[in-house]
Q: 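I'd like to ask you about the structure that follows.
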Amino acid sequence: MNAGAGKEAADSGAEGRAGILPGQAIAALAASGGIRPARAFAADQIQPASLDLRLGDRAYRVRTSFLPGSGRTVQACVERLSLHAIDLRPGAVLETGCVYIAELQESLALPGDLAAAANPKSSTGRIDVFTRVITDRGEAFDQVEPGYTGPLYAEISPRTFPVLVRTGSRLSQIRFRRGAPRLTESELGLLHARSALVDAGSPSFQGGVAVSVDLAGFDGLVGYRAKRHTGLVDVDAPGRHRAADFWEPLAADGSGSLILDPGQFYILASKEAVQVPPDHAAEMVPFDPLVGEFRVHYAGFFDPGFGYAGAGGAGARAVLEVRSRDVPFLLEDGQIVGRLVYERMLNLPETLYGAGAGSNYQAQGLKLSKHFVL
Ligand SMILES: Nc1ccn([C@H]2C[C@H](O)[C@@H](COP(=O)(O)OP(=O)(O)OP(=O)(O)O)O2)c(=O)n1
């Protein structure tokens, strides 16, 4: 790897600053050897502030999830825990309740001042496919240490629907970060004054911008509950599944509340319209990790330009992928469920979310994943 060249790629016009790499810097990083794709990138694989990761040719059904920890490779762990290998080239079904490790086509040779973080794509989170990226010697999921050189793997565990995947399917995405570009509480307040991050009257900025759940309803619906024992979702077939075969719509009943059934999966929407200004990227994080009753959002990355009027996104809500843990839990309209943390971009992305044909969720209200048609 030519680490020096990779650094130059990330530096262009942003000497020494902290920030998230925009699409054009990701392309330059790849060109200088910092990202090593097994095959040339697919069209639209580079997004405004992230790179989609593609499944490679092989996956393994493993007995259990794991983290390699220092000194061990993922491959060594897989050899110990694998039940069988799966050829992904012709396509393969990943069953609910099982854990799989898939090789990814992108490997890294990062310069020492670049770290990375991965997250499921929004479409993956919306079909309840639990997906995390792991690295050799990794001690945390979805985190790539500065200067990491080595392969990437995806841990995949479908929770509700069995899914059909194949070599090239894109379930996860990765962001590259230099330094610590996260906005402090006071910086968030200033950014909000410049361009409203949420349309709430006086939002809380502590630990990120508060996002609450809407249970008043959109056109009479508060959300969707996933059906059990459904057919397959082909992750590469947008618009080819009938929503009614996979989801039960939840009608607004005027109560402004919803009891989450443990083990069930729900798609809800935020009360606030959210906005990510073009020179920032955002990530939804748990409201409070100590509130353990329910979790929202497996998928947390929000692109620069999401919800931005200049990119056709005014009024966009955040989608909330909600699951209760062990007991039924009463969710109330307006309850805070997550926080959006904002980070500075290193440079303005050349393309914003919503500007390309491949943006499925710009200006969305309550929206199932792109796989479903109503
Ligand atoms: N919990 C979440 C996570 C993301 N998003 C929004 C903000 C993102 O900018 C947008 C697209 O997210 P991804 O790029 O992760 O999603 P996909 O790649 O699946 O969608 P697209 O095909 O539109 O790029 O969805 C959301 O509303 N709710």
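Counting starts at 1 for both ligands and their atoms, following the listed order. Below, all heavy atoms of this structure are taken into account, side chains as well, without hydrogens, waters or symmetry copies.
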Q: Take every heavy atom of G300, measure it against each atom of ligand 1, and state whether any distance is under 4.0 Å.
A: no
Q: Counting heavy atoms only, which part of Q364 comes closer than 4.0 Å to ligand 1: side chain, backbone, both or neither?
A: side chain
Q: Contact between G125 and ligand 1, counting heavy atoms under 4.0 Å?
A: no
Q: Mind checking whether Q362 has a heavy atom under 4.0 Å from ligand 1?
A: no
Q: Atom 25 (O) of ligand 1: which of R317, Q47, R126 has the nearest heavy atom?
A: R126
Q: Could you say whether the N/O atoms of S359 and ligand 1 ever approach to under 3.5 Å?
A: no
Q: With heavy-atom distances below 4.0 Å as the criterion, list the atoms of ligand 1 near Y353.
A: 10 (C), 11 (C), 21 (P), 23 (O), 24 (O)
Q: Salt bridge check: are D333 and K271 linked by an N-O gap of less than 4.0 Å?
A: yes
Q: With the threshold set at under 4.0 angstrom, would you say K367 reaches ligand 1 through any of its heavy atoms?
A: no
Q: Just distances here: any N/O of F306 and N/O of ligand 1 closer than 3.5 Å?
A: no
Q: Are R323 and D128 close enough for a salt bridge, meaning some N to O gap below 4.0 Å?
A: yes
Q: Specify the closest pair of heavy atoms between E283 and N119, including all atoms of both residues, with the distance to one decimal.
A: OE2-ND2, 4.0 Å
Q: Given L164, which of V93, V235, V233 fulfils the side-chain contact (heavy atoms from CB on, under 4.5 Å) condition?
A: V93
Q: Heavy atoms only, cut-off 4.0 Å: how does Y361 contact ligand 1, side chain, backbone, both, or neither?
A: both
Q: Answer with side chain, backbone, both or neither: which part of F302 has a heavy atom less than 4.0 angstrom from an atom of ligand 1?
A: both
Q: Taking all heavy atoms of L67 and all of E139, pick out the closest pair and write down the distance.
A: CD1-O, 3.5 Å
Q: What's the shortest heavy-atom distance between P151 and S107, and which atoms?
A: CA-CB, 3.7 Å
Q: Looking at M284, which atoms of ligand 1 are within less than 4.0 Å of one of its heavy atoms?
A: 1 (N)
Q: Counting from 1, what ligand 1 atoms have a heavy atom of A318 closer than 4.0 Å?
A: 27 (O)
Q: Please could you name the atoms of ligand 1 that Q173 approaches to less than 4.0 Å, counting only its heavy atoms?
A: 13 (P), 14 (O), 15 (O)
Q: Shortest non-hydrogen contact from V341 to G207?
A: CG1-O, 3.6 Å
Q: How close do G125 and P120 get, heavy atom to heavy atom, and via which atoms?
A: N-CB, 4.4 Å
Q: So, is the end of the R72 side chain (NZ or CZ) under 6.0 Å from the ring centre of F66 and within 45° of the ring's axis?
A: no
Q: Any salt bridge between D234 and R240, counting N to O under 4.0 Å?
A: no
Q: Between ligand 1 and E321, can you find any atom pair, the residue atom being a heavy atom, that is separated by under 4.0 Å?
A: yes
